[in-house]
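What you see below is based on every heavy atom in this structure, not just the backbone, and it leaves out hydrogens, waters and symmetry mates.
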Amino acid sequence: MSVQPTNWNSLDDVRATISAYKPPFGTAQSTAERAKVPSHGIPEGVHVSCELAPPSSQIPASISSTSVQPGQVPVFFYTNGSGIQKDVKVMLHAHGGGNVTGHPTEERYITFFSRALRALVKKSGAQGASAPIIAAPSHRLATVRENLFPAALQDLFSAYHYLISKGFAAKNITITGDSAGGNLAVILTYIISQSSLQMPGRVVLFSPTADLTYASYTSNPHDIISLSTYQAAFSQYLGNFPANSPLASGVLIPFTASWPKTLVMTGTADNTAASSRIIASRIQEAGGRVELVEYPDLSHAFWMFPIFFSQSDNGLERLATFVYN
């Protein structure tokens, strides 16, 4: 869930703001509006640009729809300004926000991507590798009927296809996502496995909200987002599509031994922590390689709040180490 962090002095402020949030419906930004690069607020040493990815010509049947058509996708590139090389490591990130809000150049994501980029650049420098890049698509949000499921997945698939068409090697791409974006990221990887495109090299999930049936979740009073808030957003996103499909709930994906190496991070005070545990367990059971990291007593979105959670930096260091190992 995404709300701008204005005047947040404590976790109680965060809880209060998110509790009052109601998913918008009725209007949506145009592609041009979503593609705007901010003129201020970018940290020194970080460069942000945007390119429009065309709709993929290879959208799998599983996410094709007569009512929701694929379109152009703004993809934001975060770099350290040293230029983009084709052999670099690429972090393709699906942002959170319950699929109803959020954008790659929101204040919180500018901060998150800048911190992640610094961690990745530090690790690449230690190994003498080319500077990495972060590619962050602005997928359609479920705030109008034509943007409901599977619009976001179509956009993310098109963004991945665009990276491949630009010459980036699939093995060097790590698909990442946080919260609702974590669910989209793991489902995107599953959809790629159904296509003719090569699978990504790695997957990293920050506390994915990947059980839209809510069967595995238990309410934790210490979390910053209530289950009812999740339900309001995701019911709007799915429309009439069933939550018990692996295209809706990543925990239901039939993982295989060929699944990319995966890192999953969550906090034990997170209402949706069960998603992380289930995904990790099922990848392992299928014979895949997976690492699950649980941070004691941390709530959802801990990776976004270094001011409240010092372990947030550790999560980004783990990300960088995982990408380069």
Side-chain angles (χ1 to χ4, degrees), residues 2 31-54 72-96 102-139 155-178 181 184-185 188 198 200-204 206 263 303-304 306 312-313 315-325:
S2 169
T31 302
E33 289 172 324
R34 287 163 42 219
K36 290 181 179 178
V37 177
S39 58
H40 62 278
I42 308 297
E44 184 176 354
V46 176
H47 294 251
V48 182
S49 61
C50 182
E51 298 178 15
L52 288 178
Q72 289 183 311
V73 185
V75 180
F76 290 84
F77 290 91
Y78 282 73
T79 73
N80 69 347
S82 61
I84 297 178
Q85 307 296 322
K86 299 304 182 184
D87 62 344
V88 302
K89 299 289 189 181
V90 181
M91 171 179 158
L92 174 62
H93 190 84
H95 69 74
H103 188 273
T105 62
E106 280 185 348
E107 178 187 346
R108 70 176 188 133
Y109 275 107
I110 290 175
T111 301
F112 173 72
F113 290 140
S114 298
R115 292 169 56 227
L117 184 64
R118 283 193 291 270
L120 290 166
V121 167
K122 181 179 179 181
K123 182 62 67 172
S124 69
Q127 296 192 2
S130 300
I133 65 172
I134 296 174
S138 171
H139 62 73
D155 290 350
L156 292 171
F157 185 87
S158 292
Y160 182 78
H161 190 181
Y162 181 64
L163 292 178
I164 298 297
S165 70
K166 282 176 67 69
F168 295 109
K171 66 180 182 180
N172 288 335
I173 298 175
T174 299
I175 292 180
T176 68
D178 67 290
L184 292 175
L188 170 62
Q198 288 186 308
R202 288 168 171 75
V203 177
V204 177
F206 291 86
L263 170 64
W303 55 91
M304 286 290 179
S312 176
D313 288 333
L316 297 182
E317 290 168 5
R318 284 182 182 272
L319 163 70
T321 298
F322 182 79
V323 167
Y324 281 94
N325 281 355

What pair of heavy atoms forms the shortest contact from [X] to [Y], and how long is it?
X	Y	value
Leu120	Ala320	CD2-CA, 3.7 Å
Glu51	Lys166	OE1-NZ, 3.2 Å
Val88	Ala131	CG1-O, 3.3 Å
Ser124	Ser130	CB-O, 3.7 Å
His139	Leu184	NE2-CD1, 3.7 Å
Phe168	Ile164	O-CD1, 3.6 Å

Quick one: are [X] and [Y] in side-chain contact, heavy atoms under 4.5 Å?
X	Y	result
Thr174	Pro200	no
Thr176	Ile134	no
Val37	Ser49	no
Pro38	Ile110	yes
Ile173	Val90	yes
Ile42	Ser114	no
Pro74	Leu52	yes
His93	Val204	no

Could you give the distance from [atom1] ([X]) to [atom2] ([Y]), rounded to the nearest 0.5 Å?
X	Y	atom1	atom2	result
Met91	Ile175	CE	CD1	12.0 Å
Lys123	Asn325	NZ	CG	6.0 Å
Lys122	Arg118	NZ	CZ	11.5 Å
Leu92	Leu163	CG	CG	5.5 Å

- Item | Listed partners of Tyr78 passing ring-ring contact (aromatic ring centres under 6.0 Å, His included), at least two apart | Phe113
- Item | Set of residues satisfying side-chain contact (heavy atoms from CB on, under 4.5 Å) with respect to Leu316, sequence neighbours excluded | Phe112, Arg115, Ala116, Ala119, Phe206, Leu319
- Task: Could you tell me which residues satisfy side-chain contact (heavy atoms from CB on, under 4.5 Å) with Pro54, sequence neighbours excluded, listed by chain and number?
- Result: Tyr162
- Query: Does the pair Met304 and Tyr109 meet the rule for a side-chain contact (heavy atoms from CB on, under 4.5 Å), with working shown?
  - Reply: CA-CA 8 Å; Met304 286 290 179; Tyr109 275 107; 3.0 Å; yes
- Message: What I want to check is whether the side chains of Thr79 and His47 have a donor and an acceptor closer together than 3.5 Å.
- Response: no
- Of the options Arg34, Glu33, His95, which is the one that meets Ser138 in a side-chain hydrogen bond (donor to acceptor under 3.5 Å, both in side chains)? Arg34
